[in-house]
Amino acid sequence: MVGKPERQVAVFGAGYIGLVTGACLAELGHRVVVRDIDPEKVALLRSGDVPIYEPGLGDMIARNKERLTFTLDLGETLDGAEIAYVCVDTPPSASGDADLSRIWSVVKSLEGATHLKAVVVKSTVPVGTGARVRAALDAAGLAHVGYAANPEFTAEGRAVTDFMRPDRIVIGASDEATAQLITDLHHGVEGPVVVMDVRSAEMVKLASNALLATKISFINEIATLCEKTGADVEEVARAVGLDHRLGPHFLRPGIGWGGSCFPKDSEALRQLASNTGYHLQLLSAVIEVNNLQKRRAIQQLKDELGTLAGMRVALLGLTFKPGTDDMREATSTVLASRLLAEGAEVRCWDPMARPGEVEPWVSTTRHATPEEAMAGADAAVVVTEWPQLKEVDWARAAAAMRRPVLFDGRNLLDPAGMRALGYTYMGVGRP
Ligand code: UGA
C-alpha cells in the first residue's frame, strides 16, 4: 500500500460477493466491517468458519482477522466507515425484474451516515438503479457523499483470484473524486481500471454475462447440429476458439448453463429491455436454447431406454459447476425433476452439494461415491464435471450397472474408451 491510504470500509452482505470483497479489501490493507442480517451466518464467521466453499477465501479471512470483522450491528458497521460497499443479493422478482428490496434497505440504513465519502454498489442491478440510489441519498441529506457502480466479474470457484487479478476493474462514477477514491481503494490489485458513467458500468455487467451465456448457447446449438451431421463439436469448438477474434473461452458444450448469475442476469436484462418496449430477440433465443438443452438430455435418455418409468438413473454431480457447493439454478435440479416426473428413480452423488430437504431432492437418494450411485442403475448422467469423476473405475462401475448407459453431459470422458468398456455412451455434439 505504498502511498495509498488505508480506508475504513463497511461491506453490506456476507454472501459470495460480500465475503470475497471484504476479505480481498482487507488483504489490500483496508479495515473492513462486514454486516449481514443473518445471525447464524455472522456467528459462524465470528467463530472462524466460512459458510460457503470458495478456494482461498477461508485462509484469506483468517490471515486478515485483525482488519476484518463481522457483525449484525449497524452502528458498529458504520462507525468510522468512509466507504459503504453494497453487496446484497438481487434475486429475480415475480416479474423477472431484479428484486432490489435488499438494496433499498441498505440505502435506508445509511441515513445519518454523513461521514461517508462514498456509497458503492457491487450487486448486479438494472441500468438506472444508480440514479435512483443517488436520488435517495440526496433526499436523505447525503448529497455530499459520492456514488459509484463497481460491478463484479468474479466467477465462483475462482472468486478470490478474479478479484485480485481481474481482467478489468469497472468503476462507474458521477464525479472524478469518487472515481479516484475507488480506484485508489483497489491499489494492489493487478488489473486495468476502466472509469465510465454509472449507467454504462451497470450495463457492462449485464452485457458481459449475457455475451458469455450467448457463447455457450451458441456452441450448444452447434453441438446439436453436429449430432445431426456427424461432426464432433469438441473439434469444432477447439478450432473455432483458435481464431483470436473469437477466443477459446466459454465454448464448452454441455447440458446447459446455470448458477446464481447467468439465469438471473440474462432474464433481468431481457426484462429491462421489455420495460423499455424493446424485445431482445437474440438473448431470448439464448435463454430458450439453454432451457431446451436440459430437456433434450432427458429425451435422449428416454429414446435410449425406451421409457424412463421404473428406470434407475444416477446423477453424477449436482452443483451448477465444479469447485463450488452452489446449487442455485443447477441443471441437476431440472434433470431430477423431469426424471421423477417420468417415473424414474433418481440416485445422486456430489462431493460438495447441499441440496437441502426440498423437492426434487427429498425424493432422491444420495450416495457417498459415484460407483455407489451407479450400482444397479439403468443409466448414469455426468451433470457436473467434477475432477473426481476422472478417477472412477469405470469398468467396475459398468459391471455393477443394470444397463451401462452413460450420458456424458459435459463431454468429460473419452467416447471410444467408454464404449470399449461396454458403455452405451452419449455425449453432447459428439459422433
Ligand atoms: C459468471 C461469470 O463467469 C462471472 O464473470 C460473473 O461475475 C458471475 O457469473 C456473476 O455474475 O456473479 P459463475 O456463475 O460463477 O460466473 O460461473 P461460470 O464459470 O461463468 O459458469 C456459469 C455456467 O456456465 C455453469 O453452469 C457452467 O457449467 C456453464 N458453462 C461455462 C458452460 O456450459 N460452458 C462453458 O464454456 C462455460
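Read the numbers this way: they start at 1 and go in the same order the structure lists the ligands and their atoms.
Ligand 1 has no atom lying under 4.0 Å from any heavy atom of H249. Remark: distances from the non-hydrogen atoms of G259 to ligand 1 are all 4.0 Å or more. Not close to ligand 1: K215, with no non-hydrogen atom less than 4.0 angstrom away. Taking a 4.0 Å cut-off on heavy atoms, G258 registers as neighbouring ligand 1.
Heavy-atom proximity to E156, at under 4.0 Å, picks out these atoms of ligand 1: 15 (O). Numbered from 1 in the order shown, with element, the atoms of ligand 1 that lie under 4.0 Å from a heavy atom of D265 read 11 (O). Atoms of ligand 1 found under 4.0 Å from any heavy atom of R410, numbered from 1 in the order shown, are 28 (O), 33 (O). Interface of K321 with ligand 1, defined as ligand atoms under 4.0 Å from a residue heavy atom, comprises 13 (P), 15 (O), 17 (O), 18 (P), 19 (O). Atoms of ligand 1 found under 4.0 Å from any heavy atom of F250 (numbered from 1 in listed order, with element): 3 (O), 20 (O), 31 (C), 35 (C), 36 (O), 37 (C). Near T154, meaning under 4.0 Å from any of its heavy atoms, are these atoms of ligand 1: 4 (C), 6 (C), 7 (O), 8 (C), 12 (O). Near N209, with a cut-off below 4.0 Å to any heavy atom, the atoms of ligand 1 are 2 (C), 6 (C), 9 (O), 10 (C), 11 (O).
With respect to atom 1 (C) of ligand 1, the closest heavy atom belonging to the protein is F262 CE1, 3.5 Å. The shortest contact between atom 10 (C) of ligand 1 and any protein heavy atom is with C261 SG, 2.8 Å. Protein heavy atom nearest atom 33 (O) of ligand 1, with residue, atom name and distance: I216 CG2, 3.4 Å. Of the protein's non-hydrogen atoms, F320 CE1, 3.6 Å is the one closest to atom 14 (O) of ligand 1. Residue, atom and distance of the protein heavy atom nearest to atom 5 (O) of ligand 1 are F153 O, 3.1 Å. For atom 11 (O) of ligand 1, the nearest protein heavy atom (residue, atom name, distance) is K205 NZ, 2.5 Å. Closest to atom 34 (N) of ligand 1 among all protein heavy atoms lies R252 O, 2.9 Å. In terms of protein heavy-atom proximity, atom 24 (O) of ligand 1 is nearest to W257 CB, 3.3 Å.
Side-chain atoms of H186 come within 3.5 Å of backbone atoms of I182 as a donor-acceptor pair (strictly under, hydrogens ignored). Formation of a donor-acceptor pair under 3.5 Å by the D408 side chain with backbone atoms of N411 is found in this model. In terms of modelled atom types and a separation under 3.5 Å, the side chain of S217 and the main chain of V286 share a donor-acceptor contact.
Between K122 atom NZ and Y85 atom OH the span is 5.0 Å, to the nearest 0.5 Å.
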Quiz prompt | L28 vs E6, side-chain contact (heavy atoms from CB on, under 4.5 Å): CA-CA, chis, key distance, verdict | solution = CA-CA 8 Å; L28 291 171; E6 289 165 9; over 6 Å; no
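Closest of all the heavy-atom pairs between E234 and D232 is N-OD1, 2.9 Å. Across A373 and L316, no two heavy atoms sit closer than the pair CB-CD2, 4.4 Å. Nearest heavy-atom pair across G427 and E227 is O-OE2, 3.8 Å. Closest approach of W386 and K321 over heavy atoms only: CZ2-O, 4.4 Å. Heavy atoms only, all atoms of each residue included: I83 and V120 are closest at CG2-CG2, 3.8 Å.
Ring orientation note: the planes of W394 and Y423 are nearly perpendicular, at an angle over 60° on the 30°/60° scale.
The pair E345-R347 meets the salt-bridge criterion, since a charged nitrogen lies less than 4.0 angstrom from a carboxylate oxygen.
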